[in-house]
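When a residue number appears, it is its place in the shown sequence, counting from 1.
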Amino acid sequence: MLCLAIGGWMLSSCIEEYEADISAGDSGLLVVEGTICSAQLNKFSLSLTKALNSPDTPQKVTGAKVSVRGDDGSEYPTQEANGYYTCQIESLNPDVKYYLHIEANGEVYESDPERPLRTEKIANIKGVQSTPESNIDVLVTPAEPFEPGHANYYSWTYDETWQVYPEYKTFMYFDTEKKEPVYRDIYHFPEYGWVDATGSTMTVGASTGYDGQHIRDLKIYDIGRGDVRIYHRYSGLVCQRAISKAEYEYELARRKASSEMGGLFTPLPSALPTNIHCLTSDKHVIGFVGCSLNTSKYRFFLNGEGYAIRRPTGGDTRVWLVSPTMEECCKMVEQGMYLCEWVVPEMSDDGRLHAAWAFIHQLDVRYGYEGAYIEEPDFWSLNENVSY
C-alpha cells in the first residue's frame, strides 16, 4: 500500500500533514497547494505522493516552470526557492480570470480560471470561556456580506504573539573574589519577552444556516486555560479570505479523508475534488488553487486576568544550599548558576544560612522559551483591536 503526504500550505504557510491509503496507480501524483491573491507574496508548493511509512519527506518538485496567468494575457512568473514557487502580485483585476500554469516533468497543468473574490473585513473577534474549566474559544464575525442573498464561504488562518515572564528574578549576584553576595543587578535579565507562532490549523466556514447569510461568532480555534499563551497578554492576527464553494468543499473532503484515513469509506486521493488538470495526459492532480482579490486581517488582544486561568502549582525549582561554604558558592557560579536569594541565619526559621540558585533558563526568557525575544513588537502598544 502507498499513502499520500501533503504539506497543506495555505495563506499562513502552516503545515497540516495529510495521509491516506491510495492504490499503486495513484502513486507519484502531483500535489499543488497555494492561493492567487493581490498585494502579497504568492507562494505555491509542488510535491509528489510517497510510499506509506517511507522515511523520506514528501518529494518536492523542483525545476518546474510555474506562473500565474490571466485571460487578458497577463502573466506573473514565479521564482523557485526552498522548494516553493513565489511571485509578488500587487493588484489583480476583478474582471479578469486568473489561473496557475505549471510545466513539470514533461507535463502541463493548469487550474480552472477564476475571477478573484472580494473579502469582507472582519467585524469582530473575541475570546469566550463558557465555564471556568473551559478553554478560551476564539470567535470570529465577518462584516456584513457583500452578497447577503447568497451563501458565503471563508477560510481563516492566524498568527500569534504572547507575553512571557521568567520563572524567577534576581537582583543580586555572588562575588567570587570577595566571596560574598552583593545586592546589585549586574545581569539585567529582561523583565519579560514575547514569543511568536503561526497557527497550526486553517478553518473554513459557510454562512448557510445564519440569518442574512452573515456568519456570527464562529469558533476558529481555542486556547487551553492552562496554556502559557494566555497566562498574561495574548495577541492574534487573523487572516480572512473569501473562498468559492468548490474550494470549501475541497477543504472539507480533504479533512474528512485525513481524519478517516484507512476507513472503509475513505475517498481515494484521486476522488478528491480539484480545480487543477493535466492538459497533456490523463494524470490526476491533487489540490486546489483559489483566487482572492484581497485578504482581510484583524488584530485582537486577550488578557489572561480576564479568564479562569490554570497556572502550574509546582514547588520551588531553584537549587537551595543550606549552610554553604564560600567555596561551594564559588563552585555554583563556576557551574553557570546564579544567586537568587541569600537568607542569613538570623532571618531563617532554622537559624542556618540558606542560598537559592537558578539556571539561566529560569531567569532569562530568551533561554526559557523557544524563540522568545525582548524587542517589543510594534503593535503591542495598541489598546484596542484593529481591523485591516
For the pair Arg255 and Glu251, find out whether any cationic side-chain nitrogen is under 4.0 Å from an anionic carboxylate oxygen. yes
Identify whether the distance between the nearest side-chain nitrogen and carboxylate oxygen of Glu247 and Arg241 falls below 4.0 Å. yes
Between Lys219 and Asp137, is the closest basic N to carboxylate O distance under 4.0 Å? yes
Do the side chains of Glu327 and Lys179 get close enough for a salt bridge, i.e. N-O under 4.0 angstrom? yes
Determine the interplanar angle of the Trp194 and Tyr192 rings, folded into 0 to 90°, and report it as parallel if under 30°, tilted if 30 to 60°, perpendicular if over 60°. perpendicular
Output field: ring centroids Tyr165/His232 closer than 6.0 Å: yes
Between Phe189 and Tyr338, is the gap from one ring center to the other below 6.0 Å? yes
Trp156 and Tyr154: CA distance, side-chain angles, deciding distance, ring-ring contact (aromatic ring centres under 6.0 Å, His included) verdict: CA-CA 7 Å; Trp156 293 275; Tyr154 305 92; 5.6 Å; yes
Centre of Tyr250's six-membered ring, under 6.0 Å away, within 45 degrees of the axis: is that where NZ or CZ of Lys245 sits? no
Taking the cut-offs as 6.0 angstrom to the six-membered ring centre and 45 degrees off its axis, would you call Arg318 and Tyr168 a cation-pi pair? yes
Kindly write out the residues that satisfy side-chain contact (heavy atoms from CB on, under 4.5 Å) with His214, not counting sequence neighbours, or none if the list is empty. Thr141, Glu144, Pro145, Arg216
Honestly, is Arg233 close enough over Phe301, meaning NZ or CZ under 6.0 Å from the six-membered ring centre and within 45° of the axis? yes
Taking the six-membered ring for Trp, are Tyr158 and Tyr221 ring centroids under 6.0 Å apart? yes
If hydrophobic residues (ILVMFWY) are linked whenever their side-chain heavy atoms come closer than 4.5 Å, directly or via other members, who joins Leu139 in its cluster? Val128
Within 45° of the six-membered ring axis of Phe146 and under 6.0 Å from that ring's centre, is NZ or CZ of Arg118 located there? yes
